[in-house]
Amino acid sequence: MNLNLKRNADIDDADGPPARPAATLVILRDGAAGLEVLLLRRSRELSAFAGAWVFPGGAVEPVDGPADDWPACQTTARRAAVRELAEETGLTVATEAVVPLSRWTAPVEMPRRFDTWFFLAASPGMPVRIDQGEIHDHCWLAPHEALARHRTGRMPFFPPTWVTLHHLASFASRDATLSTAAQVPAYHFAPKVVPRGKDTCFLYSGDQAYDQLDIDTPGPRHRLWARREGWRYECTPDSGGPYGPSEA
């Protein structure tokens with residue numbers, strides 16, 4: 001999909017718009033073939049992430065609590081994630097039942113930036129009710145099936161959704177996913193963007209190119225290649241990245 005990025009790898013952080021606090025909740029259930037996640041299709045008329053498939057979530061509102069020190073505001077983030085879930089799907093979960101997974105700060109090249117906590121929670125077993133406003137469709141899918149649909153162009157994702165699905169594809173059940181996440185600190189992804197022709201390389205901390213942006217120099221790799229022929233996550237053990245690499 002079109003990522004709507006300004007094609008400038010040398011842009012300074014001060015040139016980007018401020019990142020608005022947000023929260024996302026990945027809902028998990030055990031399906032007939034194993035782990036499944038809830039995905040929502042956003043309206044094509046929206047100004048942010050139009051037409052993309054996403055996890056339930058959105059920007060923090062004053063009712064959720066303070067967000068002045070966002071990295072330390074997990075209570076506010078949890079409330080925002082649970083509230084957005086209810087508004088977008090009709091599902092309700094307790095704030096204390098959500099498990100931190102990761103934090104994503106959008107690159108400065110994005111025209112609208114969010115600093116988003118990602119959480120996991122078990123499905124409450126209720127029917128999903130979407131409003132046909134911001135959200136136009138929903139589905140439950142195994143992560144590997146969602147990635148396969150993305151590969152064939154049927155399901156557009158933005159990088160945080162894709163990388164999260166890649167990670168979740170390594171788990172067989174809801175309980176195993178939640179148990180593992182509860183034992184591992186949430187990883188902060190703060191991408192830097194390097195264009196390469198019609199492709200885009202998203203660099204994450206630990207990659208040898210993260211500071212100098214020289215993506216061809218040998219060394220640790222922690223990056224996502226968004227290529228026309230398919231996306232690929234690279235994470236070598238020496239990078240300190242949280243997830244394993246995607247298969248070729």
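Nothing fancy with the numbering, it's 1 onward along the sequence.
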Partners meeting side chain to side chain contact (heavy atoms under 4.5 Å, CB included) with A32 (sequence neighbours left out): none
All side chain to side chain contact (heavy atoms under 4.5 Å, CB included) counterparts of H188, not counting sequence neighbours: R103, T105, A190
Donor-acceptor contact below 3.5 Å, side chain E84 vs main chain A23: no
Parallel, tilted or perpendicular, as decided by the 30° and 60° cut-offs, for the rings of W162 and H166: parallel
side-chain hydrogen bond (donor to acceptor under 3.5 Å, both in side chains) partners of residues 169-180, not counting sequence neighbours, each pair once: S179-Q183
Residues that R154 engages under side chain to side chain donor-acceptor pair (under 3.5 Å), provided they are two or more places apart: T152
Qualifying residues under side chain to side chain donor-acceptor pair (under 3.5 Å), relative to S205, sequence neighbours excluded: Y187
Partners passing salt bridge (Lys or Arg N to Asp or Glu O under 4.0 Å) against R149 (at least two apart in sequence or in another chain): E145
Donor-acceptor under 3.5 Å (T76 side chain, P66 main chain): yes
For A186, side chain to side chain contact (heavy atoms under 4.5 Å, CB included) partners two or more places apart: P100, W117
Aromatic ring pairing Y233/H222, orientation class (parallel under 30°, perpendicular over 60°, tilted between): perpendicular
Partner residues of A146 under the side chain to side chain contact (heavy atoms under 4.5 Å, CB included) criterion, sequence neighbours left out: L39, L141, M155, F157, L165
Whether W104 and F189 hold their rings parallel, tilted or perpendicular, with breakpoints at 30° and 60°: parallel
T236 backbone acceptor or donor facing S239 side chain under 3.5 Å: yes
All side chain to side chain donor-acceptor pair (under 3.5 Å) counterparts of D211, not counting sequence neighbours: none
Sequence neighbours excluded - salt bridge (charged side-chain N to carboxylate O under 4.0 Å, His left out) pairs with any residue from residues 28-38: R29-E36
Ion pair check, R196 and D216, cut-off under 4.0 Å: yes
Qualifying salt bridge (charged side-chain N to carboxylate O under 4.0 Å, His left out) pairs, either residue in residues 58-72, two or more places apart: R20-E61, D64-R83
Contacts of type salt bridge (Lys or Arg N to Asp or Glu O under 4.0 Å), residue R223, not counting sequence neighbours: D207
